[in-house]
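Side-chain atoms are counted along with the backbone in the values below, which use heavy atoms only and exclude waters and symmetry mates.
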Amino acid sequence: MAKEIKLRLRVLLAEREWEQKDLVERTNLTNRAVSDLYNEKTKSYTKNTLSELVNAFEITDMNELFKIVETEKE
């Protein structure tokens, strides 16, 4: 089994009872960018995007932002 790194955006939003629009308001990210992150359409993350997320969610450990999952791919 292969492993992938997944953004925990849905979990982070749910924990704070935020909607996507709340994250847009707390960052300099666009609606489209947040939607793409939320729907896992983004395969790479810029330093700016990660910085915006870390600041908005007040993350101190990157394990809060990402998780490693096993996939069917080999």
Are [X] and [Y] close enough that some pair of their side-chain heavy atoms sits under 4.5 Å apart?
X: Leu29; Y: Leu37; answer: yes
X: Arg16; Y: Asp22; answer: no
X: Asp61; Y: Glu64; answer: yes
X: Ile59; Y: Leu12; answer: yes
X: Leu23; Y: Leu53; answer: yes

Distance (rounded to the nearest 0.5 Å) between [X] [atom1] and [Y] [atom2]:
X: Leu7; Y: Phe66; atom1: CG; atom2: CZ; result: 5.5 Å
X: Leu9; Y: Asp36; atom1: CG; atom2: CG; result: 11.0 Å
X: Lys67; Y: Lys3; atom1: NZ; atom2: NZ; result: 14.0 Å
X: Arg26; Y: Glu52; atom1: CZ; atom2: CD; result: 13.0 Å
X: Glu25; Y: Trp18; atom1: CD; atom2: CH2; result: 10.5 Å

- List in chain and number order the residues that pass ring pair (Phe, Tyr, Trp, His ring centres under 6.0 Å) with Tyr38, two or more places apart in sequence or in another chain; answer none if no residue qualifies. none
- Note on the structure: In Val11, Ile68, Val69, Leu65, the residue satisfying side chain to side chain contact (heavy atoms under 4.5 Å, CB included) with Lys6 is Val69
- Message: Between the side chains of Glu15 and Arg8, is the shortest nitrogen-to-carboxylate-oxygen separation below 4.0 Å, so that they form an ion pair?
- Response: yes
- Task: Say whether Ser35 and Asn31, considering side chains only, have a donor N or O and an acceptor N or O under 3.5 Å apart.
- Result: no
- Item | side chain to side chain contact (heavy atoms under 4.5 Å, CB included) between Glu19 and Val24, worked out | CA-CA 9 Å; Glu19 295 181 11; Val24 170; over 6 Å; no
- Met1, Ile5: one ILVMFWY side-chain cluster at the under-4.5 Å cut-off? no
